[in-house]
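Encoded as structure tokens, the structure appears first; notes follow it.
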Number of protein chains: 2
Amino acid sequence: MTDTSDRSLREASLETDPEAREPSGRTSRASAVDDLVEHIRTLISEGGLKVGDSLPTEKELCERFNTGRNTVREAMRILKTYGVVKVRPKVGAVIIDERMARAFDLFSFNTLEVSRETFVDIQGFRSLLEVASFELLFDKVTPEDIAELRQINTELLNAETAVNASEIDFRFHTRLVAVMGNKAILDVYKIMKPVIVKIMMKAKTVQTFATVTYSEHAEILETIEKRDRTAYQYKMKTHLDAGFRHFSD
Amino acid sequence: MTDTSDRSLREASLETDPEAREPSGRTSRASAVDDLVEHIRTLISEGGLKVGDSLPTEKELCERFNTGRNTVREAMRILKTYGVVKVRPKVGAVIIDERMARAFDLFSFNTLEVSRETFVDIQGFRSLLEVASFELLFDKVTPEDIAELRQINTELLNAETAVNASEIDFRFHTRLVAVMGNKAILDVYKIMKPVIVKIMMKAKTVQTFATVTYSEHAEILETIEKRDRTAYQYKMKTHLDAGFRHFSD
DNA sequence: ATATCTCTTATTTGTCCAACAAATAGGAAT
DNA sequence: ATTCCTATTTGTTGGACAAATAAGAGATAT
């Protein structure tokens, strides 16, 4: 009873000023949560809030935007999932920037099978990063890099499972890409990790990793050491295309 | 009163079987929401649910995992933000895969200024995609591609604002990357859009776009038409490095 | 009689409120 | 300076109602 009257009263007061709280000219036909997310985003940008600054408490957000606490919580949950705020009890919501880490989570849902198209696309991309950019790679690589790469490669020999081995395989190629010293490229590589690892494991046993993969890596490292451009491109391309025959569709 | 007794009763029953509901061996010290997300993820994978299949209703999830409805809603909100479910009133939550689209949202928070490091990284990446991959580009490009690129470039002349012009500039380069026919590369490019557009706008007016940028694009298109590898690489590299001098730090 | 359309109904999601538990920052007391 | 207490804030739950809508019931035309 009292609840009902309260509601109609509150909603009536809202009706007198519909869409007034919309910062941009959008239609406001979205859900209350989406609206609120938009509000908080403008609150961050127009308030000039930087990483480390705090957002108002849940209660203050309720009052400021005239909405319920669960709505505020769902909006904050979205922002948390985006990796732009970190909520700590009592101290409130602090602005962060962990969007890259969230992107990793995003693609870690690994239920779907890798299609032939995805395989071709991903390996084509990797070919671009790891084969075509050999000039940059040869220019920047140091003996320490090669030593580390060789160290990672030897771990392949002791891997106990194919899953374990594919993780090491991925680390080898990640370390190679890291030589280029470009953070954006490295981030992209890490984001793609789940798919790449899945491709690496395709039709491979732990023995395959310890024999075929290991020696291919070793040969690739030799071409890098000798700065043999032609051999590097050939070996790496062959290495990346190895899994191709398993898509006989 | 009744609320309190109910609660303690329920929680007591839970205490008898702590962590029993944990599918994996993780500590269960995470929040109820995070636990529930994990539960639903295993529900999807172990249930073999595919895109298009439906999840149980909120109420069923409450009963099955013995949790409150708002907790279920926050968990579903996370999954919605990830782009793995789409919830429609009455019909329930349907499994989708719009993670790539969500990744775009993720990086569309554009409050932070582009640092010199980010500029160098991003442009280095673009250089890899647009300069180093000229062989692939020249191999696949068609007269229709070039016609479309030229059409996009002419739109630069009629742009009314710098924001508008930078969007067209981005479309030009996106179209160029699309020629390679690799979806993964194109997706990465689109994800980076906010940063790239911000870089494009750096210290440029709408006049700059209509004069300098326009003619640089036109020259690049000519080198592609003539399959002039050397000229293409030089022109494109120069084009990408243009904004460099604005970082005099 | 069948098909199609409209209306009703029951179910489900969206939002809000109230209550309590858990964590903790900040102050009070020692 | 340390310890304890308290008030505030977030985390979780239950309940209520509004809004949307899928499914079924009923009406109408062919």
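Quick note: numbers below take in every heavy atom, side chains included, and nothing from hydrogens, waters or symmetry partners. Chain identifiers are assigned alphabetically (A, B, ...) following the order of the sequence lines, protein sequences preceding nucleic acid strands; residue numbering begins at 1 within each chain.
Listed candidates were C:dG14, D:dT9, D:dT10. Nearest to the side chain of A:K59 is D:dT9. Residue B:T67 has its side chain nearest to D:dT13 when only D:dT12, D:dT13, D:dG11 are considered. With D:dT12, C:dT15, D:dT10 as the candidates, the nucleotide lying closest to the side chain of A:R77 is D:dT12. For A:T71, whose side chain is taken as the heavy atoms from C-beta onward, the closest listed nucleotide among C:dT13, C:dT15, C:dC17 is C:dT15. Here the side chain of B:V87 is nearest to one of C:dT15, C:dT13, D:dT10, namely C:dT13.
Rounded to whole angstrom, the span from the CD atom of B:E74 across to the C1' atom of D:dT10 amounts to 10 Å. Whole-Å rounding puts the B:E63 CD to D:dG14 C1' distance at 14 Å. Between the NZ atom of A:K86 and the P atom of D:dT10 there is a distance of 15 Å, rounded to whole Å. To the nearest angstrom, P of D:dA19 lies 18 Å from CD of B:E58. Protein atom CZ of A:R88 is 10 Å distant from nucleotide atom C1' of C:dT24, rounded to whole Å. Atom CG of A:N70 is separated from atom P of C:dA18 by 12 Å (rounded to the nearest Å). Rounded to an integer number of Å, the gap from CZ of A:R69 to C1' of D:dT8 is 12 Å. Rounded to whole angstrom, the span from the CE atom of B:M76 across to the P atom of C:dG14 amounts to 9 Å.
More than 12 heavy-atom neighbours from other residues, nucleotides or ligands sit within 6.0 angstrom of NZ on A:K202.
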Pairs under 3.5 angstrom only: tabulate donor-acceptor contacts from the side chains of residues 159-166 of chain B to other protein residues two or more places apart or in another chain.
residue : atom : partner : partner atom : Å
B:T161  : OG1  : B:N164  : N            : 3.0
B:S166  : OG   : B:A162  : O            : 3.3
B:S166  : OG   : B:V163  : O            : 2.7

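In this structure, A:E148 does not pair ionically with A:R171, as no charged nitrogen and carboxylate oxygen lie closer than 4.0 Å. Using a 4.0 Å cut-off between charged side-chain N and carboxylate O, A:K183 and B:E117 make no salt bridge.
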